[in-house]
Amino acid sequence: QVQLVESGGALVQPGGSLRLSCAASGIIFDQHVMIWQRQVPGKLREFVAAIYRDGTTNYRDSVKGRFTISRDNAKNTVYLQMNSLKPEDTAVYYCGTNTGYWGQGTQVTVSS
């Protein structure tokens, strides 16, 4: 049984930082591309970042220089370090794999 469990979402002030974690089980973790997406109610889910098997990363333009995706294959965990957060980063953040597995999401709210 595949499980992806996100954690770390919270309410944070603009300019603040958060680190999201996603613990995976039931998959051969190091064989998968790991992806973060986010969704605001009423809008389509959007790509945020991805990390490939070789550690190569990719980001949407609006988060480049502020967000960092990383993975720890020994812990079957992918992270999203988010700095200089803006109100427009407010969303439910989901982690998933390139093979279509997704977690339940964690809420990030950026507000003063």
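Counting from 1, the numbers follow the sequence of the chain as shown.
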List the steps and the verdict of side chain to side chain contact (heavy atoms under 4.5 Å, CB included) for Cys22 and Trp36. CA-CA 9 Å; Cys22 173; Trp36 285 98; 3.8 Å; yes
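Remark: Ser70 engages Tyr79 in a side chain to side chain contact (heavy atoms under 4.5 Å, CB included) (not counting sequence neighbours).
Note that the CZ atom of Arg19 and the CE atom of Met82 stand 11.5 Å from one another [nearest 0.5 Å]. Rounding to the nearest 0.5 Å gives a distance of 7.5 Å between CG of Leu44 and CD of Gln39. Distance check: Thr57 OG1 to Arg71 CZ gives 11.5 Å after rounding to the nearest 0.5 Å. Between atom CG of residue Asp30 and atom CG of residue Asp72 there is a gap of 11.0 Å, rounded to the nearest 0.5 Å. For the atom pair CD1 (Ile51) and SG (Cys95), the distance works out to 12.5 Å, reported to the nearest 0.5 Å.
Tyr101 OH: 12 or fewer foreign heavy atoms inside a 6.0 Å radius.
At distances below 3.5 Å, not a single donor-acceptor pair connects side-chain atoms of Tyr93 with backbone N or O atoms of Gly8. A donor-acceptor pair is defined here as one N or O able to donate and one able to accept, closer than 3.5 Å; such a pair exists between the side chain of Asn98 and the backbone of Val33. Not one N or O on the side chain of Gln104 forms a donor-acceptor pair closer than 3.5 Å with the backbone of Glu6. Side chain of Arg38 to backbone of Thr90: no donor-acceptor contact under 3.5 angstrom is found.
Counting heavy atoms from C-beta on, the side chains of Gln31 and Arg53 come closer than 4.5 Å. Counting only heavy atoms from C-beta outward, the side chains of Tyr94 and Leu4 never approach each other to under 4.5 Å. Side-chain contact check for Leu11 versus Ser111: some heavy-atom pair is nearer than 4.5 Å. The shortest side-chain heavy-atom distance between Phe67 and Leu85 falls under the 4.5 Å cut-off. Inter-residue side-chain proximity for Phe29 and Lys75 is flagged as unmet; no heavy-atom pair is nearer than 4.5 Å.
Across Ser84 and Ser17, no two heavy atoms sit closer than the pair N-OG, 4.3 Å. Nearest heavy-atom pair, Ala91 versus Val40, reported as atom, atom and distance to 0.1 Å: CB-CG2, 3.9 Å. Residues Ala49 and Leu80 come closest through the heavy atom pair CB-CD1, 4.2 Å. Across every non-hydrogen atom of Val2 and Gly26, the tightest pair is CG2-O, 3.6 Å. In terms of heavy atoms, Ser112 sits closest to Pro14 at N-CD, 3.7 Å.
Residue Val92 is not grouped with residue Val48 when hydrophobic side chains (ILVMFWY) are merged at heavy-atom distances under 4.5 angstrom, including chains of intermediate members. Residues Val5 and Leu18 are members of separate hydrophobic clusters, defined by side-chain heavy-atom contacts under 4.5 angstrom among Ile, Leu, Val, Met, Phe, Trp and Tyr. Cluster annotation: Ile69 and Phe47 are assigned to distinct hydrophobic clusters (Ile/Leu/Val/Met/Phe/Trp/Tyr, side-chain heavy-atom contacts under 4.5 Å, transitive). Cluster annotation: Val108 and Ile35 are assigned to distinct hydrophobic clusters (Ile/Leu/Val/Met/Phe/Trp/Tyr, side-chain heavy-atom contacts under 4.5 Å, transitive).
We find that Asp89 and Lys86 are not joined by a salt bridge, their nearest charged nitrogen and carboxylate oxygen being 4.0 Å or further apart.
No hydrogens or angles considered: a donor-acceptor pair under 3.5 Å links the side chains of Thr99 and Thr97.
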